[in-house]
Amino acid sequence: MAGLYIHIPFCKQACSYCDFYFSTRQQLRTPFLETLVKEIRSYQDTELSEIVWQTLYLGGGTPSLLSERELTLIFDAVHDVFRTDFREVTMELNPDDVTAEYLNTIRDAGVNRASMGVQSFQPELLRFMHRAHTAEEAFTALQTLRETGFPSYTADLIYGNPQQDLKMLEKDISEMLRFAPPHISAYSLTIEPGTRLGKQLELGRLSPADDEIVARHHSLLRALLGDAGLSQYEVSNYAIPGKEALHNSNYWRHEPYLGFGPSAHSFIPHQNHAKRWKNRSDLKAYLSSEQGAFQEEAETLDLHTLAEERLMLGMRTREGVSLSELSSAYDYHLAEEQFEWIREQKRKRMIESDPDRITCTADGLLIADYLIVELLSRHSGEKKRGSG
Ligand code: SF4
């Protein structure tokens, strides 16, 4: 299932933890939209315009800053250029932009899944994260989503915040569950260099949450969401059955995706390799791009690299990875040493496997990145066939 991604690089203010690409210079919106439409139209009558694209994701930045006219401009360009049969059209929204009227507008434009950036309902945590919205606005936005009968939605929560104790997290989760969301993305707060929090860390004014505390947050989250029928299907994602995100699942399964706007990534698989590229992460440079020169980095990935990446992405999901897919699509075969290690992890209940599939258990997902590194490090690079 192929997916289109559009990055809207504007925000009202900078959240203290954010390292996505965005600008607060709203006066660049008009030139940005003109360039974005130019970029989309540059794919007219190409091989990629012939693919049937089934998901569309508007992320950012803050896509909910877009007016109806701006949104229509983007959607018109997408439908003019590409063959589309969208099963899922997601748009990220910040609670302070949400009104019933706005939800009806984006729904009429074709959005059928809202991604609400709640993060927390605690005023002090929202202030610490320098979010533009208040707790009341988050409640109202979720309530409005329900009242307008929006087709589907997901909400973001942040845990592992150094200012957050277990009680605060429990409160955030139970407030969120009052709205019976079909999907929740929960991210552990990481302190990235270059962000406000990163600077505070450098100055010694802040310490990240202890790993053990973050693990406790994660266990609480998993248990409470599980009790509410939202099961963890990826390290950061929980859904009631059938409401898993299609667009993000494309990324994990190595389906094609094509990104537009500054810092957007694209990935197009071919028979024995794949192409990946990234757009310029600088609005000014993006705006001055000549037609076809929006990219700043491009790479060709060989089958072995792709296989390792597929293992890495798959092991972060409850679906896991199929060994026959690894062998047929990537000519990658697990080595005997890897099978031995998998058997050991099965005994420790970190990994489950059957003859064709390896998957992290719920506990294994907690340390998925560590398990993946361990598994990959046991491959000699030679093609060896072992038995599960
Ligand atoms: S609204 Fe989103 S993209 Fe914008 S600064 Fe905050 S976290 Fe980053």
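Whatever order the structure lists them in is the order used to number ligands and atoms, beginning at 1.
The shortest separation from a heavy atom of E92 to ligand 1 is not under 4.0 Å, leaving the residue out of contact. Within the 4.0 Å heavy-atom shell around ligand 1 one finds R131.
Among residues at least two apart or in separate chains, salt bridge (charged side-chain N to carboxylate O under 4.0 Å, His left out) pairs with a member in residues 253-270 are R253-E319. Evaluation of the salt bridge (charged side-chain N to carboxylate O under 4.0 Å, His left out) test over residues 53-82, restricted to residues two or more places apart or in two chains, returns R29-E70, R41-D80.
Remark: F32 pairs with F10 by the ring-ring contact (aromatic ring centres under 6.0 Å, His included) rule, at least two apart or across chains.
When only non-hydrogen protein atoms are considered, atom 1 (S) of ligand 1 lies nearest to N94 ND2, 3.4 Å.
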> Could you go step by step and tell me if Y332 and L303 meet the side chain to side chain contact (heavy atoms under 4.5 Å, CB included) rule?
Replying inline: CA-CA 8 Å; Y332 184 96; L303 276 187; over 6 Å; no
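Interface atoms of ligand 1 facing Q13, defined by a heavy-atom separation under 4.0 Å, are 5 (S).
For the pair K348 and D363, the salt-bridge criterion is not met [side-chain N within less than 4.0 Å of a carboxylate O]. Salt-bridge check for R343 with E336: passed, with a basic side-chain N closer than 4.0 Å to an acidic carboxylate O.
Evaluated for a side-chain contact (heavy atoms from CB on, under 4.5 Å) with V81, the options L48, I40, D45 yield exactly one hit, I40.
For atom 8 (Fe) of ligand 1, the nearby protein N/O/S atoms, meaning those under 2.8 Å, are C18 SG.
Using the six-membered ring where Trp is involved, H304 and H379 have ring planes that are tilted, between 30° and 60° apart.
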